[in-house]
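Everything below concerns the one structure shown next.
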Amino acid sequence: MSDNEKNTAAPAVDSGEPAFRYNAAMAQGIEERWQQYWDEHGTFWAANVNGDLKDGEGRNAEGRKSYFAMDMFPYPSGKGLHVGHPLGYLATDVVSRYHRMKGENVLHAMGYDAFGLPAEQYAVQTGQHPRVTTEQNIANMRRQLHRMGLSFDDRRSFATIDPGYVRWTQWIFSRIYDAWYDPEATNPSGSKGCARPIADLVAEFESGIRAIPGHDGKVWNELTAVEQTDVLNEFRLAYISKSPVNWCPGLGTVLANEEVTAEGKSERGNFPVFQRELRQWSMRITAYGHRLISDLDTIDWPEKVKLMQRNWIGESHGASVHFTVETPSGDQDMEIYTTRPDTLFGTTFAVVSPEHHLLACVPDAWPANTPESWTGGYATPKEAVTAYRRAAEAKTAKDRVDEAGEKTGLFTGLYAINPITGAELPLFTADYVLMDYGTGAIMAVPGGDQRDYDFAVKYGLPVIYTVQPLPESGDDLSDYEGKAPFVSHDGIVINSSVDATRADGQPLSIDGLRVDDAIAKVNAWLEQAGVGKGTVSYRLRDWLFSRQRYWGEPFPIVYDEDGVAHLLPDEQLPINLPDVPDYSPKTFDPEDAESNPEAPLSRNEEWVKVTMDLGEGPKTYYRDTNTMPNWAGSCWYYMRYLDPTDTEHMVEKDEYDYWMGPDRGNGRSGGVDLYVGGVEHAVLHLLYARFWHKVLFDLGYVDSAEPFHKLFNQGMIQAYAYTDDRGQYVPAAEVEEGPAGADGEPTFTWNGQHVNREFGKMGKSLKNIITPDDMYENYGADTFRLYEMSMGPLAESRPWNTRNVVGGMRFLQRLWRNVVDETTGEVRVSEDEPDLKTLKLLNNTIADVTVEMEGMRPNTAIAKLIVLNNHLTSLDAVPRAAVEPLILMLAPIAPHICEELWNRLGHAASLAHESWPVADERYVGQDTITAVVQIKGKVRAKLEVSPDIDSAELERMALEAVADRLGGKTPRKVIVKAPKIVSIVPAE
RNA sequence: GCCCCCGUGGCGAAAUGGUAUACGCAGCCGACUUAAAAUCGGCCGCUUCGGCUUGCGGGUUCGAGUCCCGCCGGGGGCACCA
């Protein structure tokens, strides 16, 4: 910036104000000028190791520590931003600017997550192509973010809809499709289980090393193409299957489990969701269940999010046990799953889910003496189970939730044999047993499980208690008889022995053992007896990956005339979306469970039907007309920041290792150094991204097992909203606060009428939106940034209160005035050495603020900077040596005004890469410290002492100071923590 | 129902187990001003002036906002997962 440009900040137009006062108008001028400077100078360009992005603001990457700070990228909706949205962006920007000043090479950029439902809906509403509206929205969002002064490397921005990006999303899909999970192989981080190319599996089938499931004894090359496809489909990590899925007629698409709420509604739109058997794409995320849990221990994430992921994956350790079921067509095997094999002696009946295959074998007549309540009034078991199954199918997820706790079920007419005791157990079917968890069959232990207990009570089944509380808990088993079942995992097993009289079993007794030991012993017995073994079960289901929507990535898959799927070669990528006559989804009456999904892409026949040569000569193929879910693009975007211009690789290895690799001298396990975003993605995006990353890690494309090293969840900015007496929202900005009423609560009025205050989100319909643009106009971006960063801890949610913003503005005004004369515009700092008091405060502030910045606590950093600035304000002349470090420390938070002041103080270049101030140890600490003398914890005296006073001296002074209170007696105990505390326990 | 997090002035909030209420807002007093705004300086938990105070009741400790147990209130996650 040239000298004559330097003092162009507009003088205040407001009459009566000094011409060079820092106000909103001046702030705007300063901010726009510095934003232009940063753009022109590439101030925030980060240097890559290789390639087109090697130059970063004249610096290179070599020998510099890297730091990658990232936000969860935004969804560019048509609504634009309100002040709540950028909190996380401001936090990462402050961190990025701070790390830059510590000399690190900082990668900080922003992309756009631009496929998905809302963009499509908005486009349908406005009658424009989603690409048009989406790109408009991105442009608007870019402008709003730029005006905030965020220090992005703009060369690295992209959107997930860019063909150059879609190409690699499809490429990753292809790698996942072309991979299988080998549970016996060792992955690159040394644990068991690893994705391998599908070609390895084919080679194993061909050579006969591995038996071909479902084709015992056959040779691979003798199988038909369709048979081969079907076999491989059972292994691929991305596969098509006909299975029960969540069908949402209101949205016209199927949804993943994670996108369905507990009430059985779609997360978007809140439409009913039905279970339907449909042929859809899934990803085998369940194969990674264990690693997704165990690797949580290697990353620095909030415990809350780790817990949510653990719960969602729901790993449970138990046993599968084989029961024999006597049917009219002979004995059948029934495998059950239980987490409590120690209670096998307490099982009194068995239950299978209504979809269970055993129900095909029910007898023609009820056994003699079948109680009326077991038959449901049906003449035969066959009629009963058929009717029950039909009723279960008709239930929506919501019905099931509503009924939870209320047990229904019917007897099957069959009996199952307990393999340990030989007992004959009546077999029921009931919908409280789910087909897709465990094995779809359970042994019921009403003495140990609330649900089984409820069922037993309803159908008059016996209850056996086999676990009693540990003696020290003082409980008595009889307390539980006939009441709630006893479910504790801490306990001693009783009534659980069989002797050797059972012909087919060994004797077994677990009486007197603690539950955990009993489980181990039973599992060992089951295994040697060949009737079961310890197993692991997951709540997590495979990830349903296809959607019947237009605005998403097409699958790189075509089908031949036989319906065999073929992966398109990488050279054909990206497969772009075709123009279709109508890109709106085919939606239905939300309650119409019988409707069928219809993909919009199927409307373009020219696109669907293609002729190409996939190695067997030119043939006709049909494209897959599904699109990928919105999550696909966000599963890997962090890697694309490393070089979005790279047309050769998804991400190049050298760049990956420099920015995200493990062991970069920072002791981290690898991945993005800091990832900031809302907690709402705890089990969606964050789980999916970890899964993809692990597949790519196993296959050797990336060198760290986890994508995000440190995760931080920023809180939500909340707001007040006001309703009138009819319950209508009124504009919050026009509401006036009155004095507190009789109940101590303030009253609120709008246009003279009384209104009620609510507390919650910021939203258009609540009429309480405040936009960043409002802030720029009234205060400027720096004050806006300062306010958001000072409101409270970043992780906490808190209410927005525009009235409080002025505090930050005043701070910046005082700082400005400390450097610039408000009437003349001249710089007025003193070149003299600061006095001792100022030096002490300055260096203590540097030490403290550095700690706060490291801990991501800008709110407390700001408080300390205000204290320092207030002190400088009280001086006759502000020393340059004190105000310059203050400016540098404030720069990450309020960068524009700091750049301006730095420039006016005579520095030619931006301060973005200036060194962060280092405290001079000679001035850190206090001259004297207030030592507190406590008697029984109450403060009784205060002493001004030297910080390095010795304990004996301090004790003597303390005892003297409170001598009259001790009444001449020698204290029982004196604790001295020099130099701060002397705590005295007086004699009785 | 199970699990997790959070309760501090009128408000947003500070406090490695060690002087509770830093910093900001609002409010009050004063200076400057014909006046107002802005600015600058001071005050700002309750109190019967003994003390009492971090939602309530216990506990551990010389000492608890902070650690432990039990309640109450608010928020979030999961929910027939055997």
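Residue numbers start from 1 in every chain, and the chains themselves are labelled A, B, ... in the order their sequence lines are given, proteins ahead of strands. None of the values given here were measured: they were computed from a predicted structure.
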Quick one: which protein N/O atoms are closer than 3.5 Å to N/O atoms of nucleotides 10-12 of chain B? Pair and distance per line, please.
from, atom 1, to, atom 2, distance (Å)
G12(B), O2', Met791(A), O, 2.9

Has Lys306(A) got more than 12 heavy atoms of other residues, nucleotides or ligands less than 6.0 Å from its NZ?
->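 Yes - once you tally the heavy atoms of other residues, nucleotides and ligands closer than 6.0 Å, there are more than 12.
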
Can you list every pair that meets salt bridge (charged side-chain N to carboxylate O under 4.0 Å, His left out) and has a residue in residues 808-824 of chain A, with sequence neighbours left out?
->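 Qualifying pairs, neighbours excluded: Arg21(A)-Glu822(A), Arg817(A)-Glu822(A).
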
Round to a whole Å and report the spacing from [atom1] of [X] to [atom2] of [N].
X: Asn869(A); N: A22(B); atom1: CG; atom2: P; answer: 19 Å
X: Ile866(A); N: A22(B); atom1: CD1; atom2: P; answer: 13 Å
X: Arg340(A); N: A82(B); atom1: CZ; atom2: P; answer: 11 Å
X: Phe811(A); N: G24(B); atom1: CZ; atom2: C1'; answer: 11 Å
X: Asp449(A); N: C80(B); atom1: CG; atom2: P; answer: 13 Å
X: Lys980(A); N: G17(B); atom1: NZ; atom2: P; answer: 12 Å
X: Trp800(A); N: A13(B); atom1: CH2; atom2: P; answer: 14 Å
X: Glu303(A); N: C5(B); atom1: CD; atom2: P; answer: 9 Å

Same-atom distance ([atom1]) from [N] to [M], integer angstrom:
N: A64(B); M: A37(B); atom1: P; value: 47 Å
N: G30(B); M: G7(B); atom1: C1'; value: 38 Å
N: C46(B); M: U54(B); atom1: P; value: 15 Å
N: A20(B); M: A15(B); atom1: C1'; value: 7 Å
N: G59(B); M: U19(B); atom1: C1'; value: 25 Å
N: A36(B); M: C32(B); atom1: C1'; value: 13 Å

Contact class for [X] (heavy atom, under 4.0 Å): base, sugar-phosphate, or nothing?
X: Lys942(A); answer: base
X: Ile442(A); answer: base
X: Arg857(A); answer: nothing
X: Val932(A); answer: base

Hey, which sits more toward the 5' end of RNA chain B by its nearest nucleotide, Tyr437(A) or Ala863(A)?
->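 On the 5' side of the pair lies Ala863(A).
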
Relative to the 5' end of RNA chain B, which residue comes earlier, Met435(A) or Asn859(A), by the nucleotide with the nearest heavy atom?
->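 The residue mapped nearer the 5' terminus is Asn859(A).
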
Does Tyr432(A) have a side-chain nitrogen or oxygen under 4.0 Å from the phosphate oxygens OP1 or OP2 of A82(B)?
->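 No.
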
So, is Arg310(A) near the phosphate of C3(B), with a side-chain N or O under 4.0 Å from OP1 or OP2?
->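 No, because none of the side-chain N or O atoms of Arg310(A) sits under 4.0 Å from OP1 or OP2 of C3(B).
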
Under the 3.5 angstrom rule, does the side chain of Glu259(A) hit a backbone N or O of Ala256(A) as a donor-acceptor pair?
->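 Looks like yes, one N/O pair under 3.5 Å.
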
For Asp782(A) and Ile897(A), indicate whether the former's side chain and the latter's backbone hold a donor-acceptor pair under 3.5 Å.
->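 Indeed, once roles are kept as given, a pair shorter than 3.5 Å links the two residues.
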
Does a donor on one side chain sit under 3.5 Å from an acceptor on the other, for [X] and [Y]?
X: Thr286(A); Y: Asp542(A); result: yes
X: Thr873(A); Y: Asn818(A); result: yes
X: Gln718(A); Y: Ser797(A); result: no
X: Thr860(A); Y: Glu852(A); result: yes

From the options [options], select the nucleotide whose nearest atom is closest to the side chain of [X].
X: Gln813(A); options: A15(B), U39(B), C23(B); result: U39(B)
X: Arg810(A); options: C6(B), C25(B), A82(B); result: C25(B)
X: Asp431(A); options: C80(B), G24(B), C78(B); result: C80(B)
X: Trp312(A); options: A13(B), A38(B), A79(B); result: A79(B)

Nucleotides 40-63 of chain B: protein proximity per nucleotide (B base, S sugar-phosphate only, - neither; heavy atom, under 4.0 Å) = S-----------S---------BS

Conformer about C1'-N of G55(B) - syn within 90° of 0, anti elsewhere |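 With its glycosidic angle more than 90° from zero, G55(B) counts as anti.
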
Would you call G9(B) syn or anti, using the 90° rule around 0?
->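 Here the answer is syn: the torsion falls within 90° of 0.
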
I would like to know whether Thr408(A) and Tyr388(A) meet side-chain hydrogen bond (donor to acceptor under 3.5 Å, both in side chains); could you show each step before the answer?
-> CA-CA 9 Å; Thr408(A) 64; Tyr388(A) 189 76; 2.8 Å; yes

Ring pair (Phe, Tyr, Trp, His ring centres under 6.0 Å) partners for Phe428(A), two or more places apart =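 With sequence neighbours excluded, Phe428(A) shows a ring pair (Phe, Tyr, Trp, His ring centres under 6.0 Å) to Phe349(A), Trp374(A), Phe411(A), Phe455(A), Tyr459(A), given in chain and number order.
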
Per the atom types in the model, does the base of C80(B) pair as donor or acceptor with the side chain of Lys407(A) at under 3.5 Å?
->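 Such a pair exists between side chain and base.
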
Anything under 30° is parallel, anything over 60° is perpendicular, the rest tilted; go ahead and classify Tyr722(A) against Tyr720(A).
->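 Tyr722(A) and Tyr720(A): tilted rings.
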
Before giving the answer on side-chain hydrogen bond (donor to acceptor under 3.5 Å, both in side chains), spell out for Ser316(A) and Tyr437(A) the whole-Å C-alpha distance, their side-chain angles and the decisive distance to 0.1 Å.
-> CA-CA 11 Å; Ser316(A) 87; Tyr437(A) 182 77; 3.1 Å; yes

Would Phe811(A) and Trp816(A) count as a close aromatic pair, with their ring centres under 6.0 Å?
->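 Ring centres of Trp816(A) and Phe811(A) not closer than 6.0 Å.
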
Using Watson-Crick and G-U wobble pairs with both distances under 3.5 Å, what is the 5'-to-3' dot-bracket string of RNA chain B, with [ ] for crossing pairs and | for pairs outside the strand?
-> (((((((..(((.....[....))).(((((.......))))).((....))..(((((..]....))))))))))))....

How would you list, by chain and number, every residue that makes a side chain to side chain donor-acceptor pair (under 3.5 Å) with Asn801(A), sequence neighbours excluded?
->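 For Asn801(A) there are no side chain to side chain donor-acceptor pair (under 3.5 Å) partners, ignoring immediate neighbours.
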
